[in-house]
Amino acid sequence: TQSTRPQRLLGAVQQNATRGDPRSVVKTIDQFCKHKEWAMNVGDEKGCILDSVVSELNPATVLELGTYCGYSTVRIASLLPPHARLITLEFNPHFAAVARQIIAWAGLQDKVLLVEGASGDWIPKMKEQFGVKTFDLVFLDHWKDRYLPDTKLMEECGLLRKGSVLLADNVVCPGTPDYLQYVRNSPRYNSQYFRSHLEYTKAEDGLEKSVFLG
Ligand SMILES: Nc1ncnc2c1ncn2CCOCCNC(=O)c1cc(-c2ccc(F)cc2)cc(O)c1O
Ligand SMILES: [Mg+2]
């Protein structure tokens, strides 16, 4: 049977990256996507912005919506303090299977809980299922039309506290206009746009960082 792009990406990691070395996993994926096949990882340019937000925040509890192959999962988890935890939700079981192996190759499986399913189903169950109180950081990188409803759902479920940070990928390309309008106009958020480029291309894209004010 034909291999899929995520499987080819996993193969590249297993052949070229050093086990237990997150930076080499990240570098290998970026090389693959620049020189072999484009894939929808946040990429190295936006990835550096992600790294700086994570490092500045030093979060104890992180939620990632949309794991894909685990590229941003590895970037985030590699910067977390020892007892911090990252919960990442992936809808597509095939993507999840590849991501588990990439996260394990990076040696980060003890910091990461990968949950398969739709964000809308899991967000209301976070507290009871995983003992989460609130998230210090949420990285939104899943279906672009789910950013706004899931943000409202997180508010309603009491998963955000004063100072919680939402960091959203692709707010320009593919674009999340309803989400942007909400976080930029709501008195409950302080929002800031970090201009960048769509991963591995020259097209404009960026990350929106929104601090929940409670
Ligand atoms: N737990 C969950 N609950 C609900 N839904 C979920 C989920 N987990 C996953 N999903 C489903 C969607 O996951 C992937 C979403 N990401 C993208 O679609 C994406 C697309 C591009 C892109 C593509 C083509 C272009 F031409 C230009 C840009 C770039 C990006 O950086 C992207 O992130
Ligand atoms: Mg993205």
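All residue numbers refer to positions in the sequence shown, counting from 1. Not measured: the values here are computed from a predicted model. Every number for a ligand or one of its atoms is a count from 1 in the order of the listing.
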key: Heavy atom of protein inside 4.0 Å of atom 25 (C) of ligand 1, strictly below   = no
task = Please identify which atoms of ligand 1 are closer than 4.0 Å to at least one heavy atom of A118.
result = 3 (N)
remark   = the protein heavy atom lying closest to atom 9 (C) of ligand 1 turns out to be E90 OE2, 3.3 Å
ask   = Should you measure from each heavy atom of G66, which atoms of ligand 1 turn up under 4.0 Å away?
value = 8 (N)
task = Answer yes if the side chains of T28 and N16 hold a donor-acceptor pair under 3.5 Å, and no otherwise.
result = no
ask   = Heavy atom of D169 under 4.0 Å from ligand 1?
value = yes
message = Strictly below 4.0 Å, N to O, side chains only: are D136 and R161 in salt-bridge contact?
response = yes
ask   = Do T61 and R85 have a side chain donor and acceptor closer than 3.5 Å?
value = no
query = Is the backbone of K125 close enough, under 3.5 Å, to the side chain of E128 for a donor and an acceptor to pair up by distance?
reply = no
remark   = Nearest non-hydrogen protein atom to atom 14 (C) of ligand 1, with distance, is M40 CE, 3.7 Å
inquiry  = Any nitrogen or oxygen of N92 lying under 3.5 Å from a nitrogen or oxygen in ligand 1? Just yes or no.
reply    = no
query = To the nearest 0.1 Å, how far is atom 3 (N) of ligand 1 from its closest protein heavy atom, and which atom is that?
reply = S119 N, 3.0 Å
ask   = Are the side chain of S55 and the backbone of S52 linked by a donor-acceptor contact shorter than 3.5 Å?
value = no
message = Please enumerate all residues that pass salt bridge (charged side-chain N to carboxylate O under 4.0 Å, His left out) together with E90, with sequence neighbours excluded.
response = none
note = In terms of its nearest heavy atom to atom 15 (C) of ligand 1, the top option of E64, H142, K46 is H142
ask   = For atom 31 (O) of ligand 1, is the nearest protein heavy atom closer than 4.0 Å?
value = yes
ask   = Run the ring pair (Phe, Tyr, Trp, His ring centres under 6.0 Å) check on H142 and Y147 step by step: do they pass?
value = CA-CA 7 Å; H142 60 329; Y147 284 27; 5.4 Å; yes
query = Hey, would you say the F91 and W122 ring centroids sit under 6.0 Å apart?
reply = no
message = Tell me the contacting part of L198 for ligand 1: side chain, backbone, both, or neither, using a 4.0 Å heavy-atom threshold, strictly below.
response = side chain
ask   = Is the backbone of N190 close enough, under 3.5 Å, to the side chain of K209 for a donor and an acceptor to pair up by distance?
value = no
task = Write out the residue and atom name of the closest protein heavy atom to atom 16 (N) of ligand 1, then the distance separating them to 0.1 Å.
result = K144 NZ, 3.3 Å
query = Only one of D205, D141, D51 forms a side-chain hydrogen bond (donor to acceptor under 3.5 Å, both in side chains) with K46, so which one is it?
reply = D205
N, O or S atoms of the protein lying under 2.8 Å from the Mg ion (ligand 2) = D141 OD1, D169 OD2, N170 OD1
inquiry  = Just to confirm my output: which protein heavy-atom neighbour is closest to atom 23 (C) of ligand 1, and how far is it?
reply    = W38 CH2, 3.8 Å
query = Who's the nearest protein heavy-atom neighbour of atom 5 (N) of ligand 1, and how far?
reply = W143 CE3, 2.8 Å
request  = Can you pull out the closest protein heavy atom to atom 7 (C) of ligand 1? Residue, atom name and distance to 0.1 Å, please.
outcome  = F91 CB, 3.3 Å
inquiry  = Would Y71 count as a contact residue for ligand 1, given that I'm defining contact as a non-hydrogen atom of the residue lying under 4.0 Å from a ligand atom?
reply    = no
ask   = Under the 3.5 angstrom rule, does the side chain of S3 hit a backbone N or O of R8 as a donor-acceptor pair?
value = no
request  = Establish, from distance only, whether the side-chain atoms of N92 and Y68 form a donor-acceptor pair under 3.5 Å.
outcome  = no
remark   = Scanning both residues in full, the closest heavy-atom pair of Y200 with A39 reads CE1-O, 3.5 Å
ask   = Which of the numbered atoms in ligand 1 are below 4.0 angstrom from a heavy atom of N170?
value = 29 (C), 30 (C), 31 (O), 32 (C), 33 (O)
ask   = Is Y182 reaching over with its side chain to a backbone N or O of L148, donor-acceptor style, under 3.5 angstrom?
value = no
message = Just to check, does E199 reach to within less than 4.0 Å of ligand 1 when the distance is taken from its heavy atoms?
response = yes
key: Pair R100 + E116, salt bridge at N-O below 4.0 Å   = yes
key: Contact check, G117 vs ligand 1, heavy-atom distance below 4.0 Å   = yes
task = Go through ligand 1 atom by atom and flag the ones less than 4.0 Å from a non-hydrogen atom of L89.
result = 1 (N), 8 (N)
inquiry  = Is it the case that the side chain of K34 and the backbone of I29 share a donor-acceptor pair, with hydrogens and angles ignored and the cut-off at 3.5 Å?
reply    = no
